Amino acid sequence: DTGVSQDPRHKITKRGQNVTFRCDPISEHNRLYWYRQTLGQGPEFLTYFQNEAQLEKSRLLSDRFSAERPKGSFSTLEIQRTEQGDSAMYLCASSFPRSGGYNEQFFGPGTRLTVL
Amino acid sequence: AQSVTQPDIHITVSEGASLELRCNYSYGATPYLFWYVQSPGQGLQLLLKYFSGDTLVQGIKGFEAEFKRSQSSFNLRKPSVHWSDAAEYFCAVGAGTGTYKYIFGTGTRLKVLA
C-alpha cells in the first residue's frame, strides 16, 4: 500500500489549453473524491465517485471540467480551455466504506496547476 | 447548510508551549469531525477523528481534540509543541449521507518559535 498518488505534481499551462490530471487511489478503496484548494483556503469538494459511478458534482465544477473513473480504479480530471482562475492545488482522496457511512479519507500529495 | 469556522488564520507559539486551535461547526445532526495537517508541498494527513462515544479523542503526534456539542466546537490541543508541528491545520465536518464528502474550514497556519 503506497497511499494515494497523483500525477503530475506540478503543471504549468497557458490560458486556453487543456490539462488532465491522474489520481491512483489506495487499491481497495472504492470511494474517490476530488477537491480544489486555492491559496489561503481549505479544500473544496468537486466531485465523488463510488466505484466507476460519478455520484455527485459540485457547482464549482463548470462545464469545462470533466472527471472519469473508467474501471473503478484510477481517476482522471480534465480541465478544458483553462482560465487563470483555475490555478489551484487539485487534491484527490480515497476511502473505504464503513458501516454507518463515514470513514477517513486518505489524501494524495496534490497537483498544483498554474495557468499563465 | 453545513459549515466549519476556524477563527484563527495564524497562530504563533514558542516551542514547548501548549497549543489550542479552534474549530466551530454548523451541522444539524451528530457530526463526524476530523482534523488534518498539511505541511508545505504535502497532502493532508489525518490527525484524529470523532464519530461518536468519548468526546475527548486522542490522535497521532500527541494531539487530542474535544467535541463539545453545546458549543458546536471541536478544538485541537497539544500540551507541548515541537518545531516540527509548524504546518497548516484544517478542521473538517462530514457533510451528510450519500457522498460522505467533507466540508473544510479555511485552516490555521501554525508557526513555532525556537
Side-chain angles (χ1 to χ4, degrees), chain A residues 2-10 23-26 29-51 53-61 67 89-112, chain B residues 1-10 21-25 27 29-53 57 59-60 65 67 74 87-109:
Chain A
T2 57
V4 179
S5 62
Q6 292 186 245
D7 185 69
R9 294 288 304 276
H10 303 274
C23 170
D24 287 89
I26 295 171
H29 288 186
N30 70 341
R31 295 179 182 168
L32 187 146
Y33 304 80
W34 287 97
Y35 291 84
R36 182 171 69 185
Q37 185 179 19
T38 54
L39 203 61
Q41 300 296 317
E44 295 174 291
F45 170 77
L46 291 179
T47 191
Y48 162 71
F49 289 86
Q50 182 164 306
N51 300 310
Q54 187 175 20
L55 298 185
E56 184 173 343
K57 293 193 295 185
S58 162
R59 286 171 290 177
L60 293 174
L61 217 62
M89 175 78 85
Y90 290 84
L91 295 166
C92 177
S94 69
S95 73
F96 188 78
R98 165 186 167 272
S99 174
Y102 271 97
N103 208 349
E104 62 204 73
Q105 294 179 21
F106 292 82
F107 284 81
T111 294
R112 181 167 295 284
Chain B
Q2 301 94 344
S3 65
V4 175
T5 302
Q6 294 181 247
D8 304 305
I9 298 174
H10 298 279
L21 303 182
R22 296 184 290 165
C23 172
N24 294 95
Y25 67 89
Y27 188 67
T30 299
Y32 295 86
L33 295 162
F34 307 84
W35 273 100
Y36 281 84
V37 60
Q38 186 177 39
S39 299
Q42 304 294 315
L44 294 156
Q45 181 184 22
L46 180 71
L47 287 175
L48 47 79
K49 62 191 178 192
Y50 172 78
F51 285 175
S52 64
V57 179
I60 63 171
F67 170 60
F74 188 56
E88 189 144 27
Y89 292 80
F90 292 95
C91 181
V93 64
T97 59
T99 62
Y100 310 106
K101 64 188 177 189
Y102 292 174
I103 304 294
F104 284 88
T106 52
T108 298
R109 182 166 296 280

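The chains referred to below are lettered A, B, ... by the order of the sequence lines, with proteins before strands, and numbering in each begins at 1. Keep in mind that the numbers below use all heavy atoms, side chains included, and drop hydrogens, waters and symmetry copies. All values reported here derive from a predicted model rather than from experimental measurement.
One finds the CG atom of B/Leu46 at 9.5 Å from the CZ atom of A/Phe107 (value rounded to the nearest 0.5 Å). A distance of 10.5 Å separates CG in B/Leu48 from CD in A/Glu104, rounded to the nearest 0.5 Å. Between A/Gln105 atom CD and B/Tyr36 atom OH the span is 5.5 Å, to the nearest 0.5 Å. Of the inter-residue distances, the one linking A/Tyr48 atom OH with B/Tyr100 atom OH reads 7.0 Å to the nearest 0.5 angstrom.
Taking the side chain to side chain donor-acceptor pair (under 3.5 Å) definition, one finds that A/Asn30 meets it with nothing, sequence neighbours left out. Looking at residues two or more places apart in sequence or on another chain, you find a salt bridge (charged side-chain N to carboxylate O under 4.0 Å, His left out) between B/Asp8 and B/Arg22.
No part of A/Arg112 comes within reach of chain B, as not one of its non-hydrogen atoms sits under 4.5 angstrom from that chain. At a 4.5 Å heavy-atom cutoff, B/Gln45 makes no contact with chain A through either its backbone or its side chain. Only the side chain of A/Gln37 comes within contact range of chain B, judged by heavy atoms closer than 4.5 Å. Both the backbone and the side chain of B/Leu44 come within less than 4.5 Å of a heavy atom of chain A.
Other residues, nucleotides and ligands contribute at most 12 non-hydrogen atoms within 6.0 Å of the CG atom of A/Leu39.
Between A/Phe45 and B/Lys101, the closest side-chain pair of non-hydrogen atoms falls below 4.5 Å.
Using cut-offs of 30° and 60° for the angle between ring planes, the A/Tyr35 and B/Tyr102 rings count as tilted.
B/Phe90 and A/Gly42 get closest at one heavy-atom pair: CE2-CA, 3.4 Å.
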